[in-house]
2 protein chains.
Amino acid sequence: MKQRLAAIGTVETLPHRVATFLSREIESGELNPGARLPTEQELSEKFGVSRNVVREAIAQLRADGMIEARQGIGAFVLAPEQRAAIRIDREALKDTHNMERLFELRCILEAESAALAAARRSKEHLDSIKAALDRMGGEERWEEGSIDADLLFHREIARATGNSYIHTFISFVCEQIRHSIHYARMTNPLHDLVEINVGEHVRIYDALVAGDPAAAEAAMRAHIVGAANRVGVRLPLSKANGAK
Amino acid sequence: MKQRLAAIGTVETLPHRVATFLSREIESGELNPGARLPTEQELSEKFGVSRNVVREAIAQLRADGMIEARQGIGAFVLAPEQRAAIRIDREALKDTHNMERLFELRCILEAESAALAAARRSKEHLDSIKAALDRMGGEERWEEGSIDADLLFHREIARATGNSYIHTFISFVCEQIRHSIHYARMTNPLHDLVEINVGEHVRIYDALVAGDPAAAEAAMRAHIVGAANRVGVRLPLSKANGAK
DNA sequence: GTGATACATATCATCCTACAACTTATTTCG
DNA sequence: CGAAATAAGTTGTAGGATGATATGTATCAC
């Protein structure tokens, strides 16, 4: 808990601020792919920080594949396709439209993954999923514990696909949505009343136990559309609505 | 081109090596969430590098949300759910099983996204997609240019969904697969003979023009399964095979 | 004049030292 | 015994020095 709060309200360290500034400049197109960044010394003077700070910032951008530094020449902006990491701007999560986009992405990922999980889940997987389901228990309101259990439920299903990348991606997207909801609740306390729907989860679990991919996919899709609705996001998934 | 080669054969910088080492230690579970990392001084002695190098490595892990550093105390490993970035280990891409997993993830993402794109694409989107299609042109073999055009084709479709996150995720996964195939071709030259199937692309494009989500999804799914087969990966997608 | 070599310059990579800011444990003193 | 002062340990930042690498410039032999 202490860890989570610290992670959300992270102190703005100097290298982080410099990295964010440069990153925004690249994203916004002020620095096009191929362009050369100012030298480390110029940057350190411009921001009024030491060269060490600038180097740590550049090291981060380089690790993400946003820039490439070449000894003796300089640092250059790389094309977006060459990114080595997906990083989502926390600030952007405060925008409701982005929360909607995340829910849409989540629906795409989890619906079909649920079908995979139904086909591949082992006994051990089912036990883990059941344990998470029980932890949600009688709690009808979204307390922190219930949210944790809910996310664990989804992660365990993703794990049951046997595909580690699917697990990673779904975990990541779910966590971004958690943050997005967290921000939304701060600005609009009404969201505190949002309920957690146990029935939807049970239907997903039953489909997994039965090993019925189509049912699992439908149940998962219905659940995510429902979850989105409960936080005020109406998913405009043409396929989801039409295919049911 | 020069950029891409440089990006692939990136020189192993010291901070990168330290970061990779620590990252592996965390992934493997030798350093559990909550555990404290050795001090910067201890690490610099252990690796025989300066504290500066250690700091750059830690800055990267911190930016990824893998660890949290607290002034005056130390650095601590965070839970996997708190990751702020998705980063895929390039080494792991050399494993064919991982290429298979990536194709599976790609299929999930792109199939349904194609349906969304069919419902939402604008005239301008169609033009961009058509341009990429034309660039693939008569080339029947996978030259670098054709691969670029192919990836652009897929990226433009993802963009036509209007969901920037979907675009980001699909671009990223496709790029990882490109690297994976690149490695596979180095160890097994036979893969040089892999062909690009223009017909599959045309069918996708036609469905997008027609604004037919179901057809677009089916065509995209068939295409990705086909593309996987052509590089020697048989996709075990239960749903994909059954639903057609 | 031309070409090759040597030199100077610019930049990133790494190292080193020092100090500030923060946390924790210990000691000291009322 | 309790509270404040002190000391020690750790990360954050600053600044300079040196090595490695790429590029441009000048010099010199022919």
Side-chain angles (χ1 to χ4, degrees), chain A residues 1-3 5-7 9-23 25-26 31 34-78 82 84, chain B residues 1-3 5-7 9-23 25-26 31 34-78:
Chain A
M1 189 58 181
K2 191 171 58 177
Q3 284 178 359
L5 288 180
T10 295
V11 197
E12 277 269 312
T13 179
L14 283 182
H16 181 252
R17 271 164 61 175
V18 174
T20 302
F21 184 92
L22 292 176
S23 158
E25 228 168 18
I26 292 177
L31 284 171
R36 205 192 116 186
L37 268 68
T39 68
E40 294 177 353
Q41 194 164 16
E42 285 168 347
L43 288 175
S44 78
E45 287 168 5
K46 174 179 177 181
F47 293 109
V49 298
S50 77
R51 237 193 90 214
N52 262 336
V53 170
V54 172
R55 278 196 63 78
E56 283 189 29
I58 291 200
Q60 178 191 323
L61 298 184
R62 194 160 57 157
D64 287 0
M66 292 184 72
I67 69 175
E68 174 191 26
R70 279 146 80 172
Q71 193 169 356
I73 312 179
F76 301 86
V77 179
L78 291 179
Q82 305 197 22
Chain B
M1 191 59 182
K2 190 171 59 176
Q3 285 179 358
L5 287 179
T10 295
V11 201
E12 276 268 312
T13 179
L14 284 182
H16 181 253
R17 271 164 61 176
V18 174
T20 302
F21 185 92
L22 292 176
S23 157
E25 229 169 16
I26 292 176
L31 284 171
R36 203 191 116 184
L37 269 67
T39 69
E40 294 178 352
Q41 193 167 13
E42 285 169 347
L43 288 174
S44 78
E45 287 168 5
K46 174 178 177 182
F47 293 110
V49 298
S50 77
R51 208 186 128 211
N52 240 328
V53 168
V54 172
R55 278 195 63 79
E56 282 189 30
I58 290 193
Q60 177 191 323
L61 298 184
R62 193 160 57 157
D64 287 359
M66 292 184 72
I67 70 175
E68 175 190 25
R70 280 147 78 171
Q71 190 169 358
I73 312 179
F76 301 85
V77 179
L78 291 180

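Predicted model only: the values in this text are computed from it and were never measured. Labels below follow one simple rule: chain letters A, B, ... track the order of the sequence lines, proteins then strands, and each chain is numbered from 1.
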Nearest to the side chain of A/T39, which nucleotide is it out of C/dT11, D/dT13, D/dT10? C/dT11
Specify the residue among B/G72 and A/I73 whose closest nucleotide of DNA chain D lies further upstream toward the 5′ end. B/G72
Residue-phosphate contact under 4.0 Å: B/R51 side-chain N/O, C/dC15 OP1/OP2: no
What about A/Q71, does its side chain sit under 3.5 Å from the base of D/dA22 through a donor-acceptor pair? no
What nucleotide among D/dT11, C/dA13, D/dA14 has an atom nearest to a side-chain atom of A/V53? D/dA14
Could you tell me whether the phosphate oxygens of D/dG12, OP1 or OP2, come under 4.0 Å of any side-chain nitrogen or oxygen in B/R62? yes
Check A/E56, A/E40, A/E45 against A/R51 for a side-chain hydrogen bond (donor to acceptor under 3.5 Å, both in side chains) and give me the one that passes. A/E40
Side-chain N or O of B/S50 closer than 4.0 Å to phosphate OP1/OP2 of C/dC15: yes
For the side chain of B/R55, counting heavy atoms from C-beta on, which of D/dG19, C/dT11, D/dT11 is nearest? D/dT11
Determine the contact category for B/L14: base if any of its heavy atoms lies under 4.0 Å from a base atom, sugar-phosphate if only primed atoms, P, OP1 or OP2 are that close, otherwise nothing. sugar-phosphate
The residue, B/P38 or B/N52, whose nearest nucleotide of DNA chain D is more 5′ is B/P38
Measuring to OP1 and OP2 of C/dT14, would you say a side-chain N or O of B/S44 lies under 4.0 angstrom away? no
